[in-house]
Asker: 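Mind having a look at this structure? Questions to follow.
Only a predicted model underlies this, so the values are computations on that prediction, with no experimental measurement involved. Both counts, for ligands and for their atoms, begin at 1 and track the order of listing.
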Amino acid sequence: MNPAALTQTARSITTTEGHRPTIVHKRSLDILHDPWFNKGTSFSITERDRLDLRGLLPPNVMSSEQQIERFMADLKRLEVHARDGPSDPNALAKWRILNRLHDRNETMYYKVLIANIEEYAPIVYTPTVGLVCQNYSGLFRRPRGMYFSAEDRGEMMSMVYNWPAEQVDMIVVTDGSRILGLGDLGVQGIGIAIGKLDLYVAAAGINPQRVLPVMIDVGTNNEKLLKDPLYLGLQEHRLDGDEYVAVIDEFMEAVFTRWPQVIVQFEDFQSKWAFKLLQRYRNTYRMFNDDVQGTAGVAIAGLLGAVRAQGRPMIDFPKQKIVVAGAGSAGIGVLNAARKTMARMLGNNESAFKSALSQFWVVDAKGLITEERENIDPEALPFARKIKEANRQGLREGASLAEVVREVKPDVLLGLSAVGGLFSKEVLEALKGSTSTRPAIFAMSNPTKNAECTPEEAFSIVGDNVIFASGSPFKDVDLGNGHVGHCNQGNNMYLFPGIGLGTLLSGSRIISDGMLQAAAECLAAYMTEDEVLQGIIYPSTSRIRDITKQVAAAVVKEAIEEDLAEGYREMDARELRKLNEEEILEFVKNNMWSPEYPTLVYKKD
Ligand SMILES: NC(=O)c1ccc[n+]([C@@H]2O[C@H](COP(=O)([O-])OP(=O)(O)OC[C@H]3O[C@@H](n4cnc5c(N)ncnc54)[C@H](O)[C@@H]3O)[C@@H](O)[C@H]2O)c1
Ligand SMILES: O=C(O)C[C@H](O)C(=O)O
Ligand SMILES: [Mg+2]
């Protein structure tokens with residue numbers, strides 16, 4: 001590298017949006033009502049003069065620490081007053097308080113969230129966000145994000161300019177058709193897009209001025225909502241077929257026309273459309289489907305962790321027998337990724353890819369999927385068991401989950417079924433026959449009440465030695481004698497923020513399989529040998545900002561290696577290629593937004 005290039009690199013990788021004043025074009029109440037710039041009681045006296053704020057605020061100027069203290073006292077009061085510990089109404093009340101803060105002061109909101117992510121991720125994200133979506137009509141105060149509806153056909157290209165931000169880095173879009181395991185929540189699904197973007201800001205340091213939650217309201221098939229006088233969305237049945245695709249096409253064209261650099265994350269689309277839309281757009285647009293691809297990566301990292309937890313090398317993964325309950329967007333995403341990972345370990349050829357199939361048994365609402373299944377979903381077809389093979393194992397088309405577990409004696413039982421309690425006593429008893437020294441249970445469905453089993457059930461029925469992971473957080477279990485049953489949170493939150501940030505900073509035009517694989521491998525490698533042997537296969541959420549940084553760096557590195565990286569701002573493709581691993585990490589770190597108040601200066605438009 002020549003010296004000039006070195007200086008350029010150094011300058012680029014240390015660029016932050018930090019300490020220069022921010023020019024604002026408004027004053028007075030307008031600024032207090034603007035969450036991007038509002039500092040509430042933290043406006044200094046000179047700023048109050050400059051911005052015509054005198055008299056509009058109590059006279060005492062507070063430091064941001066004092067503000068947070070006051071806010072936290074309010075938030076904690078709820079807990080002190082609650083008789084029975086955290087309960088649903090309590091969680092909703094916390095969400096309300098946090099949401100009000102989000103509305104009036106974004107900087108402070110994200111400061112609170114980042115500093116207390118372990119405590120408040122379960123409020124702004126799963127499980128409470130599910131409750132929020134279910135109750136959205138009642139909770140709605142101020143709008144957040146954009147709504148495109150079936151009524152807006154032909155208008156989206158101009159509507160997109162109604163959004164005030166010149167630059168948008170990250171969009172999370174849903175059509176509300178399968179929100180967590182709660183089904184079709186129609187327009188109320190906007191809550192999930194908002195929750196995911198909260199993590200983009202808190203974990204990945206995406207600038208909150210450049211995120212956009214989007215709801216595409218094409219109607220709902222939820223009969224209760226169709227009749228509810230308070231429902232905020234279109235009270236028509238969902239569009240389907242070509243009409244539906246035309247709406248999504250128009251939306252994609254509109255947002256990529258206005259913001260060609262944006263990344264679009266598809267979230268909680270029913271399986272029927274999740275795969276089709278992913279195939280339709282993934283080679284043209286910078287997009288991915290979190291439920292299919294993000295979940296797959298997180299599951300792979302956990303599955304590899306479970307192999308290591310048995311004291312075996314990762315390369316033994318292709319020997320694992322895996323029973324998957326649920327063959328929707330998430331289940332199939334995991335199966336495809338696990339199959340590919342096994343095939344790679346077995347020699348990465350056609351026969352390895354074929355033989356890997358023998359490690360999976362897939363059970364859906366109709367039981368074990370075999371080649372005898374009528375009208376089989378094409379996505380599930382490769383995983384249908386040969387009937388002769390199934391019979392030889394004492395199984396048949398439609399065999400129950402308990403039967404399958406009893407006969408197969410799997411190493412891993414993984415649930416993405418959205419059916420709470422599916423891993424019943426009978427199923428867990430059957431898993432006691434597992435040939436593994438340390439069976440793993442992934443109860444990945446969300447929110448909490450949809451988890452296939454609780455950790456208490458897993459540890460008490462199958463044994464103290466099991467590996468347990470769930471999609472929504474549970475508390476560790478006291479196993480007595482000073483032993484702890486560790487509850488891992490196996491949630492795509494560990495990957496999607498890093499996939500988005502890495503894609504943004506690499507400037508890649510698409511999100512390749514290799515970039516997703518690199519993200520998963522990075523997460524898998526994050527856990528130490530000691531941790532996995534203790535049954536800790538995913539990190540705690542308190543480390544999410546660090547993990548996300550590492551995942552993003554792995555994604556950038558892979559994009560460079562695949563020659564997809566086109567650069568970001570002053571870090572062009574050539575400069576990017578010159579960075580070593582450490583410098584990539586530094587580049588990522590320096591481009592992560594942190595919630596600090598900038599000094600504001602008024603300038604007329
Ligand atoms: N932990 C995570 O990161 C994560 C990520 C994505 C999705 N999820 C959760 O996974 C769940 C499923 O999501 P999806 O998009 O795949 O949904 P989906 O509706 O597309 O699929 C559900 C699948 O479960 C099957 N199923 C239903 N009842 C069953 C039963 N009794 N036994 C076995 N299988 C049964 C269905 O036939 C279907 O194949 C949701 O609860 C979602 O919240 C979790
Ligand atoms: O939203 C989550 O918590 C994970 C996942 O995307 C889901 O749909 O359940
Ligand atoms: Mg989801």
Asker: So do Val323 and Glu407 actually touch side chain to side chain, heavy atoms under 4.5 Å?
Answerer: no

Asker: Tell me whether Val363 reaches ligand 1 (any heavy atom closer than 4.0 angstrom to a ligand atom).
Answerer: yes

Asker: Just so I know, are the side chains of Asp175 and Arg238 near enough to count as touching, which here means a heavy-atom distance under 4.5 Å?
Answerer: yes

Asker: Which of the atoms in ligand 2, numbered in the order shown and given with their element, are less than 4.0 Å from a heavy-atom of Asp268?
Answerer: 8 (O)

Asker: Is any side-chain heavy atom of Ile499 closer than 4.5 Å to one of Met515?
Answerer: no

Asker: Do me a favour and list the nearest non-hydrogen protein atom to atom 11 (C) of ligand 1 with residue, atom name and distance?
Answerer: Ser445 OG, 3.5 Å

Asker: May I ask you to list the atoms of ligand 1 that are less than 4.0 angstrom from any heavy atom of Gly490?
Answerer: 1 (N), 2 (C), 3 (O)

Asker: Does ligand 2 have any atom sitting under 4.0 Å from a heavy atom of Glu267?
Answerer: yes

Asker: With side chain to side chain donor-acceptor pair (under 3.5 Å) as the test, would you mind laying out the steps for Tyr538 and Asn491 before giving the verdict?
Answerer: CA-CA 9 Å; Tyr538 293 112; Asn491 189 292; over 6 Å; no

Asker: Enumerate the atoms of ligand 2 whose separation from the nearest heavy atom of Thr126 is less than 4.0 angstrom.
Answerer: 3 (O)

Asker: Got a second to check how far Asn446's CG is from Ile179's CD1, nearest 0.5 Å?
Answerer: 12.0 Å

Asker: Suppose I only count heavy atoms of Tyr125 and a 4.0 Å limit; which atoms of ligand 2 are within that range?
Answerer: 1 (O), 2 (C), 3 (O), 4 (C)

Asker: Nearest 0.5 Å please: distance from the CD atom of Glu118 over to the CZ atom of Arg543.
Answerer: 10.5 Å

Asker: Rounded to 10°, how many degrees is the angle OD1/Asp268-the Mg ion (ligand 3)-OD1/Asp291?
Answerer: 90°

Asker: So Phe423 and Leu413, do their side chains get closer than 4.5 Å, heavy atoms only?
Answerer: yes

Asker: Give me the nearest non-hydrogen protein atom to atom 12 (C) of ligand 1 as residue plus atom name, then the distance to 0.1 Å.
Answerer: Leu416 O, 3.4 Å

Asker: Considering the heavy atoms of Val419, write down every atom of ligand 1 situated less than 4.0 Å from one of them.
Answerer: 27 (C), 28 (N), 29 (C)

Asker: Considering only NZ, NE, NH1 and NH2 on the basic side and carboxylate oxygens on the acidic side, decide whether Arg144 and Glu106 come within less than 4.0 Å.
Answerer: yes

Asker: With a cut-off of 4.0 Å, which atoms of ligand 1 are near a heavy atom of Gly471?
Answerer: 1 (N)

Asker: Side chains of His486 and Gln534: closer than 4.5 Å at any heavy-atom pair?
Answerer: no

Asker: Can you tell me if Trp361 and Gln393 form a side-chain donor-acceptor pair at under 3.5 Å?
Answerer: yes

Asker: Evaluate the side-chain proximity of Ser436 to Val412: yes if any heavy-atom separation is below 4.5 Å, no if none is.
Answerer: no

Asker: Which of the numbered atoms in ligand 1 are under 4.0 angstrom from any heavy atom belonging to Ser417?
Answerer: 22 (C), 24 (O), 26 (N), 27 (C), 34 (N), 35 (C)

Asker: Looking only at protein heavy atoms, identify the closest one to atom 21 (O) of ligand 1 and say how far it is in Å.
Answerer: Gly328 CA, 3.3 Å

Asker: Is any N or O atom of Asn450, backbone or side chain, closer than 3.5 Å to an N or O atom of ligand 1?
Answerer: no

Asker: Scan side-chain atoms only and decide if Thr174 and Glu267 contain a donor-acceptor pair under the 3.5 Å cut-off.
Answerer: no

Asker: Ligand 2 versus Gln265, non-hydrogen atoms closer than 4.0 Å: side chain, backbone, both, neither?
Answerer: neither

Asker: How many angstroms lie between CZ in Arg178 and CG in Asp184, if you round to the nearest 0.5 Å?
Answerer: 11.5 Å

Asker: Please write down residue, atom name and distance for the protein heavy atom closest to atom 5 (C) of ligand 2.
Answerer: Asn492 ND2, 3.4 Å

Asker: Quick one: does Met493 get a heavy atom under 4.0 Å from ligand 2?
Answerer: no

Asker: Side-chain contact, heavy-atom cut-off 4.5 Å: Trp593 with Ile206?
Answerer: no

Asker: To the nearest 0.5 Å, how far apart are CG in Leu504 and CZ in Arg286?
Answerer: 6.0 Å

Asker: Does only the side chain of Arg178 get under 4.0 Å from ligand 1, or the backbone, or both, or neither? Count heavy atoms.
Answerer: side chain

Asker: Please write down residue, atom name and distance for the protein heavy atom closest to atom 44 (C) of ligand 1.
Answerer: Met444 O, 3.1 Å

Asker: Looking at ligand 1, does any of its N/O atoms fall within less than 3.5 Å of an N/O of Ala325?
Answerer: no

Asker: For atom 29 (C) of ligand 1, what's the nearest protein heavy atom and its distance?
Answerer: Ala365 CA, 3.6 Å

Asker: For atom NZ of Lys340, decide whether the heavy atoms of other residues, nucleotides or ligands shown that lie under 6.0 angstrom number more than 12.
Answerer: no

Asker: Between the side chains of Asp169 and Tyr200, does any donor sit under 3.5 Å from an acceptor?
Answerer: no

Asker: Are any of the N/O atoms in Asn446 less than 3.5 Å from those in ligand 2?
Answerer: yes

Asker: Give the atoms of ligand 1, by number and element, whose distance to some non-hydrogen atom of Ala327 is under 4.0 Å.
Answerer: 23 (C), 38 (C), 39 (O)

Asker: Suppose we measure from atom 16 (O) of ligand 1 to each protein heavy atom; which comes out shortest, and what is that distance?
Answerer: Ala330 N, 3.0 Å

Asker: Applying a heavy-atom cut-off of 4.0 Å, say which part of Thr295 lies close to ligand 1: side chain, backbone, both or neither.
Answerer: side chain

Asker: With heavy-atom distances below 4.0 Å as the criterion, list the atoms of ligand 1 near Gly181.
Answerer: 40 (C), 41 (O), 43 (O)

Asker: Closest non-hydrogen protein atom to atom 3 (O) of ligand 2, residue and atom name please, with distance?
Answerer: Asn491 ND2, 3.0 Å

Asker: Please identify which atoms of ligand 1 are closer than 4.0 Å to at least one heavy atom of Leu422.
Answerer: 30 (C), 31 (N), 32 (N), 33 (C)

Asker: Counting non-hydrogen protein atoms only, what is the nearest one to atom 3 (O) of ligand 1? Give residue, atom name and distance.
Answerer: Asn492 N, 2.9 Å

Asker: Assess Asp290: does it contribute an N, O or S atom lying under 2.8 Å from the Mg ion (ligand 3)?
Answerer: no

Asker: If the cut-off is 4.0 Å to any non-hydrogen atom of Ser271, which atoms of ligand 1 fall inside it?
Answerer: 18 (P), 20 (O)

Asker: When rounded to the nearest 0.5 angstrom, what distance separates CE in Met287 from CD in Gln265?
Answerer: 10.0 Å

Asker: Which ligand 2 atoms are under 4.0 Å away from a heavy-atom of Asp290?
Answerer: 6 (O)

Asker: Measure Asp291 to ligand 2 on non-hydrogen atoms and call it side chain, backbone, both or neither using the 4.0 Å cut-off.
Answerer: side chain

Asker: Side chain or backbone of Thr295 under 4.0 Å from ligand 2, or both, or neither, by non-hydrogen atoms?
Answerer: neither

Asker: Nearest protein heavy atom to atom 1 (O) of ligand 2, by residue and atom, and its distance?
Answerer: Lys196 NZ, 3.1 Å

Asker: Go through the side-chain N and O atoms of Tyr281 and Asp249 and say whether any donor and acceptor fall under 3.5 Å apart.
Answerer: yes

Asker: What atoms in ligand 2 come closer than 4.0 Å to a heavy atom of Arg178?
Answerer: 8 (O)

Asker: Using a 3.5 Å cut-off on N or O atoms only, is Ser329 in polar contact with ligand 1?
Answerer: yes

Asker: Going by atom types alone, do Asp546 and Tyr526 pair a side-chain donor with an acceptor below 3.5 Å?
Answerer: yes

